[in-house]
Student: 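I'd like to ask you about the structure that follows.
In the text below, chain A, chain B and the rest are named by the order of the sequence lines, each starting its count at 1. Since the model is a prediction, treat every value here as computed from it, not as a measurement. Note: hydrogens, waters and symmetry copies are ignored here, and every other heavy atom, side chains too, is used.
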Amino acid sequence: MERLKKRRDFLAAAKGRRTARRAFVMETRDRGDGGPVRFGFTVSKRTAKKAVERNRIRRRLKEAVRLAPAEAAGRGFDHVLVGRRAVLDADFAALRADLQSALQEATGPARRKDGRRPIR
RNA sequence: CCAGCCGGCCGGACGGCCGCCUCGCCAGAUCUCCGCAAGGAGGGCGGGGAGGAAAGUCCGGGCUCCAUGGAAGAACGGUGCCGGGUAACGCCCGGCGGGGGCGACCCCAGGGAAAGUGCCACAGAAAGCAAACCGCCCCGCCUGCCGAUCGGCACACCAGCGGAUGCGCCGCUCGGCCGGCGGGGUAAGGGUGAAAGGGUGGGGUAAGAGCCCACCGCGUCGCCGGCAACGGGGACGGCACGGUAAACCCCACCGGGAGCAAGACCAAGAAGGGACGGCGCGGGCUUCUGCCCAGGCUGCUUCCGAGCCAGCCGUCCGGGUCGGUCGCGCGAAGCGUCCGGCGACGGGCGCUCCAGAUGAAUGGCCGUCGCGUCGCGGGCUCCGGCCCGCGGCCUUACAGAACCCGGCUUACAGGCCGGCUGGCACU
RNA sequence: GGGGCCAUAGCUCAGUUGGGAGAGCGCGUGAAUGGCAUUCACGAGGUCGGCGGUUCGAUCCCGCCUGGCUCCA
């Protein structure tokens with residue numbers, strides 16, 4: 001898994017499409033170059049005050065991303081996962097399922113003009 | 001057995017599958033990918049991979065840069081019984097003094113208030129200079145009352161002469177009491193207050209007072225013990241010296257400032273600018289040599305020393321910012337053992353190499369065991385609980401390295417070991 | 001990672017030789033008005049962020065925690 005490390009990339013992703021789930025918010029940006037997919041993680045001090053908790057949130061999200069099938073994330077995308085406190089005691093299988101659906105939605109067809117999700 | 005005190009330690013264990021970071025070795029024909037570049041990633045094998053507090057950032061150092069070197073001083077900040085340990089410390093050890101506890105033991109910013117200044121609200125006579133005030137005592141004078149002796153009978157009184165007796169009246173003297181004025185002696189006592197000019201007891205006195213005595217406290221000076229803080233004891237003094245320095249301050253000692261986001265290098269790349277070299281560079285006197293006087297700048301100040309600046313020409317370098325690499329893992333290191341020391345600690349020998357991220361590595365899932373807790377069932381019981389089985393829950397408290405080290409402080413489920421004190425019972 | 005500052009009534013803030021806890025707005029009651037606003041009078045409201053210490057006495061002085069703000073790069 002390739003990681004996002006520059007502040008620039010995080011700011012760019014924050015302007016992209018947002019996909020919210022119970023335990024996290026995913027910000028997605030299509031770089032348009034068809035290159036490898038990259039992931040970034042954000043857990044702020046406001047989310048969890050203690051460093052142990054912030055570490056645990058990021059690590060569980062990272063593991064969920066690692067176990068996700070490579071083709072699900074698409075090509076040329078930057079995904080930033082903003083962790084919430086719910087990650088701490090969420091069931092891991094449910095976390096993976098949420099990630100999978102979020103990736104599917106984020107890399108799928110663009111939203112309709114009214115901003116609602118496409119009807120399946 | 002119960003209650004308690006002190007010190008030290010642990011803070012889940014084993015295993016499976018899939019992953020992450022890093023180090024070493026091998027391979028690596030410079031092959032592929034990312035990047036403008038610097039550089040980074042990609043293979044195999046092996047090793048290592050969070051804490052006792054990694055935390056707070058309260059102290060002390062190493063290391064790095066900044067400042068022109070040295071000395072003295074000022075300012076500011078800190079520390080504060082004595083001795084020792086240490087690279088150093090505000091830390092630690094041992095001791096001393098004070099306070100608390102039946103005790104084991106615990107607590108103390110614990111120098112100086114006879115260098116100076118400030119403050120001590122309210123209450124209180126008075127709050128720090130010692131006196132004033134109330135009160136107490138003595139003397140004198142005055143007024144009033146009472147009593148006694150003596151003298152007297154004008155008035156009042158009496159049954160009455162008469163003032164002999166009784167009730168009385170007047171006067172002298174003496175004594176007592178109340179009050180006032182004046183003079184003096186006192187600090188024992190005076191609702192208060194955190195604190196009141198040594199304390200307690202006795203003697204003494206007109207009343208009192210270290211006025212005298214005993215003990216305690218205090219001060220001064222010798223002596224003895226101790227490196228010292230200090231302790232013991234003696235003589236003398238005869239109360240002078242309230243508290244507050246985490247109020248200003250004084251004394252002694254320590255401290256230059258900033259911090260790895262320090263700093264160095266590399267790549268891309270303007271302007272200001274910088275470095276080096278050459279020539280040149282204040283005023284006066286003088287024929288020249290030379291002599292005299294000098295400006296500005298560089299630390300908070302002074303002194304000594306050192307250096308730089310005034311222009312022109314030439315050559316070279318070239319910041320910030322973004323990115324990359326280093327700094328960055330052998331150290332006041334850990335473990336074991338022996339020796340010295342009451343101890344903190346020091347020394348010798350042997351063994352080991354033990355995290356290095358930088359949007360930041362320890363994760364995910366599972367099995368077995370252990371611990372804790374809850375529920376149910378059974379058994380035992382000194383009725384407080386203990387044991388066994390099954391099941392559920394937490395899979396466990398506080399908490400995540402960010403240059404490193406020594407301390408301090410703060411947070412912490414549960415548990416282990418050792419020593420000691422008090423009480424009860426039994427032997 | 002490293003510096004600095006703040007915390008006092010519901011809100012915004014004063015508070016120094018350490019002895020009284022305060023102001024404005026807001027709130028409540030009353031007056032005035034036919035009614036409302038303005039105005040006037042009166043009143044309630046505080047572990048001075050927490051825990052220790054110094055002192056006779058602490059919002060104030062000294063430690064240690066907690067929460068918040070801010071600066072450097």
Student: Can you check the distance between B:G44 and B:G28, where both ends of the measurement are the C1' atom (answer in whole Å)?
Tutor: 11 Å
Student: Between B:U186 and B:G198, how far apart are the P atoms? Round to whole Å, please.
Tutor: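 Straight-line distance between the two P atoms is 15 Å.
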Student: Out of B:U362, B:G363, B:G359, which nucleotide sits closest to the side chain of A:Arg56?
Tutor: B:G363
Student: Could you work out, with ring-ring contact (aromatic ring centres under 6.0 Å, His included) as the rule, every residue matching A:Phe24, not counting sequence neighbours?
Tutor: none
Student: If the P atom of B:G56 is compared with that of B:A399, how far apart are they to the nearest Å?
Tutor: 12 Å
Student: Syn versus anti for B:G269, judged by chi lying within 90° of 0?
Tutor: anti
Student: Ignoring hydrogens and angles, tell me if any N or O in the side chain of A:Arg56 forms a donor-acceptor pair with the backbone of A:Leu88 under 3.5 Å.
Tutor: no
Student: How many whole angstroms separate atom CD of A:Glu63 from atom C1' of B:U362?
Tutor: 12 Å
Student: If the glycosidic angle is within 90 degrees of 0 it's syn, otherwise anti, so just tell me which one B:A126 is.
Tutor: anti
Student: Would you mind telling me which of B:A50, B:G364, B:G19 lies closest to the side-chain atoms of A:Arg66?
Tutor: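 Taking heavy atoms from C-beta onward, the closest nucleotide is B:G19.
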Student: What is the separation between atom CZ on A:Phe39 and atom P on B:G359, rounded to the nearest whole Å?
Tutor: 19 Å
Student: Of all residues at least two apart in sequence or in a different chain, which pass the salt bridge (Lys or Arg N to Asp or Glu O under 4.0 Å) check with A:Asp78?
Tutor: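 Testing A:Asp78 for salt bridge (Lys or Arg N to Asp or Glu O under 4.0 Å), a comparison that skips the adjacent residues, returns A:Arg29, A:Arg31, A:Arg38.
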Student: Using Watson-Crick or G-U wobble pairs with both distances under 3.5 Å, give me RNA chain C in dot-bracket, 5' to 3', with [ ] for crossers and | for pairs to another strand.
Tutor: (((((((..((((.....[..)))).(((((.......))))).....(((((..]....)))))))))))).
Student: Could you state the CZ-C1' distance from A:Phe92 to B:C366, rounded to the nearest angstrom?
Tutor: 13 Å
Student: Rounded off to whole Å, could you give me the CZ-to-C1' distance for the A:Arg59 and B:G363 pair?
Tutor: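 Checked: the CZ to C1' distance equals 7 Å.
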Student: In plain terms, say whether A:Arg66 and A:Glu63 are close enough for a salt bridge, that is, a side-chain N and a carboxylate O under 4.0 Å apart.
Tutor: yes
Student: For A:Arg54, which contact category applies under a 4.0 Å heavy-atom criterion: base, sugar-phosphate, or nothing?
Tutor: nothing
Student: Distance between the P atoms of B:C9 and B:A344, in whole angstroms?
Tutor: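 About 13 Å, rounded to a whole number of Å.
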Student: Strictly under 3.5 Å: I want the nitrogen or oxygen pairs between protein and nucleotides 39-42 of chain B, one per line.
Tutor:
none

Student: Roughly how many Å apart are B:C63 and B:G52, using the P atom of each and rounding to a whole number?
Tutor: 26 Å
Student: For A:Phe39, give me all partners under ring-ring contact (aromatic ring centres under 6.0 Å, His included), at least two apart in sequence or on another chain.
Tutor: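 For A:Phe39, the residues satisfying ring-ring contact (aromatic ring centres under 6.0 Å, His included) (neighbours in sequence not counted) are A:His79.
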Student: Hey, is B:G217 sitting syn or anti, using the within-90° cutoff around 0?
Tutor: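 With its glycosidic angle more than 90° from zero, B:G217 counts as anti.
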Student: Would you say that A:Val43 contacts A:Val87 through its side chain, given a criterion of any heavy-atom pair below 4.5 Å between the two side chains?
Tutor: no
Student: Can you check the A:Asn55 CG to B:A402 P distance for me, whole Å?
Tutor: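 After rounding, the reported distance stands at 12 Å.
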Student: Are A:Arg85 and A:Glu53 ion-paired here, with the side-chain N under 4.0 Å from a carboxylate O?
Tutor: yes
Student: When you check the glycosidic angle of C:G45, does it come out syn, meaning within 90° of 0, or anti?
Tutor: anti
Student: Atom pairs, N/O to N/O, protein against nucleotides 54-58 of chain B, distance under 3.5 Å?
Tutor:
none

Student: Looking at the angle O4'-C1'-N9-C4 for a purine or O4'-C1'-N1-C2 for a pyrimidine, is B:C139 syn or anti, with syn meaning within 90° of 0?
Tutor: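 Classified anti.
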Student: Please determine whether residues A:Phe92 and A:Met26 belong to a single hydrophobic cluster, defined as Ile, Leu, Val, Met, Phe, Trp and Tyr linked transitively by side-chain heavy-atom distances below 4.5 Å.
Tutor: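 A:Phe92 clusters together with A:Met26.
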Student: In whole Å, what separates the P atom of C:U12 from that of C:G26?
Tutor: 16 Å
Student: Please report, rounded to the nearest Å, how far the C1' atom of B:G359 is from the CG atom of A:Leu81.
Tutor: 13 Å
Student: Expressed as a whole number of Å, how far does the P atom of C:A58 sit from that of B:C416?
Tutor: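 C:A58 and B:C416 have their P atoms separated by 45 Å.
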Student: Between B:A401, B:A361, B:G364, which one does the side chain of A:Ala51 approach most closely?
Tutor: B:A401
Student: Given the C1' atoms of C:U55 and B:G85, what is the spacing between them in whole Å?
Tutor: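 Result for the C1' pair: 36 Å, nearest Å.
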Student: Take atom CG of A:Asp78 and atom P of B:G359, then tell me their distance rounded to the nearest Å.
Tutor: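 Atom-to-atom, A:Asp78 to B:G359, this comes out as 16 Å.
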Student: Using whole Å, what does the distance between atom C1' of nucleotide B:G364 and atom CZ of A:Arg58 come to?
Tutor: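 The answer, rounded to whole Å, is 15 Å.
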